[in-house]
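What you see is a predicted model, and the numbers here were worked out from it, not measured in a lab.
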Amino acid sequence: MKLNVEELHKVAHLARLSIHPKDEESYSQALSNILNLVDEMQTIDTQGVKPMTHPMDAFQRLRADEVTESDQRDHLQKIAPAIEDGLYLVPRVVE
Amino acid sequence: MQWEAVIGLEIHTQLATKTKIFSGSSTAFGAEPNSQASIIDLAMPGTLPVLNKQALEMAIQFGLAINSEIPKITTFDRKNYFYPDLPKGYQTTQMEAPIVGRGYLDIALETGGTKRVTVHHAHLEEDAGKSLHEDFHGMTGVDLNRAGTPLIEIVTEPEMSSAKEAVAFLKSIHSIITYLGISDGNMAEGSMRCDANVSVRPKGQEKLGNRCEIKNVNSFRFVEKAINYEIQRQIEILEDGGRIAQQTRLYDPDLDETRAMRSKEDANDYRYFPCPDLLPLEVDPAFVQKLKDELPELPEQKRQRFTEQLGLSEYDAGVLSSSRPLADYFDKVVELCKDAQLASNWISGELAAQLNRDGIEITQAEVTPEQFAGILIRLKDDTLSNGAAKKVFAALWAKEGQTADEIIEAKGLKQVTDTGAIEALVDEVLAKNTPQVEQYRAAEPDKRGKMVGFFVGQIMRASKGTANPKAVNELLAKKLDG
Amino acid sequence: MLDLSLTQMAQGLAERKFSSLELTQTFLQRIQTVNPQLNAFITVTEQQALEAAKAADAQLAAGQAGPLTGIPIAHKDLFCTEGIKTSCASKMLDNFIAPYDATVVANLNKAGAVSLGKTNLDEFAMGSSSESSFYGSVKNPWATQAVAGGSSGGSAAAVAARLVPAATGSDTGGSIRQPAAFCGITGLKPTYGRVSRWGMVAYASSMDQAGPMARSAEDCALMLQQMAGFDSKDSTSIEQAVPDYLSQLGDSLQGVTLGIPKEYFADDLNPQTAERIHAAIKQLEKLGASVKEISLPLTRMAIPAYYVISPAEASSNLSRFDGVRYGYRCENPVDLEDLYKRSRSEAFGDEVKRRILIGTYALSEGFYDAYYNKAQQIRRLIAEDFQAAFQSVDLIIAPTTPNPAYDLGSKLTDPIQMYLDDIYTLGVNLAGLPAISVPAGLVNQRPVGMQLIGNHFSEAKLLNAAHQFQQATDHHLQKPALI
């Protein structure tokens, strides 16, 4: 399985990563190699096998509907890159 | 060509839990920006979700109310996309095994009869934050208080064929969720939002046309207008030989039109996959049964009871069962005054008109069901005439007294039923109006009915409205026709 | 003092032979002199450590000591530590001061441990050599031209070089066991759900598990005792009582059956490494264990399955790093897409980007079934193979890695070579099993690790077997040349 440059950019866009033109070749080569490695899976017959999402055969626990969090805004926004009036700032969003 | 619209709805409803779906942050409306965004809601590295039990219960209650299958195992998935109001870069939602399976609702049609609309499924998910587009030096501000608020998303099959049907369905959902108390259903505040998938096809064609999704329409009226606009837009394009581009559109209520959204446009690949942080959830059938047993009477059941047991018309029953507070008010009044038809007439008449004038909801009514029933009891036992009853209602509304009886006493509105007193009045009026009496007696019997109104009016005026109209009529008939 | 075990330290502190302050200062001094050669620490929290040591001494004096009161430890720098930089060895979090403590950190604080700082790792724990760190490679104390292993390479090197007697690690595909093997220490990867993941920055959520790294099984037992336990903040943590690990260390191995999976001794395995493992097996037989050959036929398939599932989960887990609420943000983004793409591309290293891309690809439309779903099916088959094996054996014994530590830079150009080396550790994570790596001798003066794998919640048995082995051998007492 070879990942071409166009596919590379498509995947990179989904992941919001940009690939510099000078790195295109090395990324597409590295990813193609990984895909070749993982393609070994196709030799195994898995017909009818239920995918295993979690390693333990356990069920989810729930929590009671009780407020446990208090306002930590000032504390938490100390590490924010850009804030104003308590809001996180991002470049203008157009809908 | 004859065209046919095909409409499916996706309705997002915030659940009225105290805390968020995966964190212990408050969901109270209107807090300072980001003051209800905890480390979990902000997707701080290393934080993990734990599901709110109440949200699950509410979703199951909804499922039971729309006749859905509740599965034994439900799972959560991640929907991946980048957006500033989505802190984790994915929305935790349900795709593979949603908590509410296939169900249906019967909606009343304007033309009479009902139509069954299939709900494909409904699932639990988390709400996103809000982007505030006021100008912060050319930037957008992000408030994540809403991020993580529990939602159920209700997805219908594309089975509605007009904007009116879609609105009727939406109203039914609204009345169910408010009946259950699982949501306030407030569309203006965004706790209930509706996306409509609209397509048109030549009438009789099986294959669906390309559809457009209209996002986030925030009132019943706008849903109707947006869908109608969109149907018309698509028909015009098709009639001009054009093609409908499958896209997401926004409704602009000011211009009454839909337009294509500029963002989220590129064909999204959401890369759904099972959320590794949330194990499968086992839904105990006994727990579901318990919720089923505790389910309150729902609008449809109320409507049936109002027609079958209380003898109301379909129309009256529909009106009174449309909202739970209204139905509860009605039930209380009937319980006290023991006359469903009278209660229905007065609630849909005098009370509804007053609420309308004041622009308020039944929950804000100034007259309690007990006071209201007090009026109707006095109406039934002939203490009050219709007109006097209205005066009592107005006085109670204006807080001029505590009970109907108190007002009647204070204002002297007690109806005169004493035949002696009424007879004296009748005699007096007949004596003063001999020409009219003669005219009456000379008239053909079928004309007399109208003429008798003149005498009744005179007598009622003379009694200042307190004479019992029934007694007046009887006496008049006796004296005139003698 | 540097060579004392945790038990000996606790005893020394209790008997007032030395104070926590002295102990802490000794290790801080050691870090100052030796760490520059190893690059094992990203952050040394000297001031906080000295204050904590003084507080510990006060507690000891008041007779209120907890199990680890006054004992220095270190945390892998992907556990959130309130008020202290938590970098995950990434430029992305170089400025990230965690606003809260991980449960593991809180548990160890509560037990009285004194944290000396945060150890180096592969960026976001993605790697097997600790070379992908934004802060530079960790060096192996046994040979500074060699890798320390990864991703918990900083913790492993720090413990091996006596910079700290014990440290926390995390293991998603071998990240505790492999560096423990490479650095000649003992490292335990617990059952999935045994230790809370709250506050441990996620790489692959369905496999990440925190565990202890120390010089002996006994020290690991002491650490795990404090780290493990149910946590209501992690809904995948298991609600099951934590057994007393120390009390079972002395149990005899008589009657214990060890399974030797033939696929773990195939051609991939370095013959000298194989010799050491076979010698260790002989030793365990002498201690009363019986051995039996078993087969885990899909061993090789753990590599492709792991390298689909872990990047898939990672691609989603790392989406939160978007330059909006914390972490790195690019200069003057022109629009939203620019903010995302430049912040992420400038701050993530190559291996992290590769894994995000592979994971994104594996989940994308048209490839989900062939990659993600297929991998999760194979995962089930692998887990079932382990369960079948545990029908007839108590523990599985195998090498931790096919080869001892390799030279720095020798595998950097080809990630595939590094992935293939993980062959013996990945299956355990796919199946959620516990496993321990124990020193089993040297090959060319570089340590070899023996791996014991148990069924779910068999940590006590694993620690017991490892302890018995260490009572009879001195591999774990060997010191790197550096000392």
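Residue C:Ser315 does not touch chain A at all, counting heavy-atom pairs closer than 4.5 Å. Neither the backbone nor the side chain of C:Tyr306 comes within contact range of chain A; no heavy atom of the residue lies under 4.5 Å from a heavy atom of that chain. Neither the backbone nor the side chain of C:Leu433 has a heavy atom closer than 4.5 Å to any heavy atom of chain A. For a residue to count as touching a neighbouring chain, one of its non-hydrogen atoms must lie under 4.5 Å from one of that chain's; by this rule C:Thr191 touches chain A with the side chain only. Only the side chain of C:Glu82 comes within contact range of chain A, with at least one heavy atom under 4.5 Å from a heavy atom of that chain. With a threshold of 4.5 angstrom between heavy atoms, A:Asp45 approaches chain C through N, CA, C or O but not through any side-chain atom. For chain C, no part of A:Leu62 is nearby; none of its heavy atoms comes within less than 4.5 Å. For a residue to count as touching a neighbouring chain, one of its non-hydrogen atoms must lie under 4.5 Å from one of that chain's; by this rule C:Ile303 touches chain A with the side chain only. Residue C:Asp350 touches chain A through both its backbone and its side chain, counting heavy-atom pairs closer than 4.5 Å. Contact of C:Leu430 with chain A is made through the backbone alone, with heavy-atom distances under 4.5 Å.
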Let's go through A:Leu37 and C:Leu420 carefully: what are the C-alpha distance in whole Å and the side-chain angles of both, what is the deciding distance for side chain to side chain contact (heavy atoms under 4.5 Å, CB included) to 0.1 Å, and is it a yes or a no? CA-CA 9 Å; A:Leu37 173 73; C:Leu420 293 174; 3.8 Å; yes

Determine whether A:Arg61 and C:Ser237 satisfy the following criterion, side chain to side chain contact (heavy atoms under 4.5 Å, CB included), listing intermediate values before the conclusion. CA-CA 9 Å; A:Arg61 277 176 309 99; C:Ser237 102; 4.3 Å; yes

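Residues A:Leu31 and C:Tyr361 form no side-chain contact, since every pair of their non-hydrogen atoms from C-beta on lies 4.5 Å or further apart. Counting heavy atoms from C-beta outward, C:Met301 and A:Ile44 have side chains that approach closer than 4.5 Å. Between A:Leu8 and C:Leu357, the closest side-chain pair of non-hydrogen atoms falls below 4.5 Å. A heavy-atom distance below 4.5 Å is found between the side chains of A:Leu35 and C:Ile358. Between A:Met41 and C:Val308 there is a side-chain heavy-atom pair separated by less than 4.5 Å.
For the atom pair OG1 (C:Thr360) and NZ (A:Lys10), the distance works out to 12.0 Å, reported to the nearest 0.5 Å. Rounding to the nearest 0.5 Å places CG of A:Leu17 at 7.0 Å from CZ of C:Phe348. Note: C:Leu339 CG to A:Arg16 CZ = 11.0 Å, rounded to the nearest 0.5 Å.
Of the residues considered (A:Val49, A:Asp23, A:Thr43), A:Val49 shows the highest number of contacts with chain C, using heavy-atom pairs under 4.5 Å.
Within residues 73-82 of chain A, the residues having any heavy atom under 4.5 Å from a heavy atom of chain C are, by residue number, A:His75, A:Leu76, A:Ile79, A:Ala80, A:Pro81, A:Ala82. Among the residues in residues 374-386 of chain C, those with a non-hydrogen atom closer than 4.5 angstrom to a non-hydrogen atom of chain A are C:Lys374, C:Ala375, C:Gln376, C:Gln377, C:Ile378, C:Arg379, C:Arg380, C:Leu381, C:Ala383.
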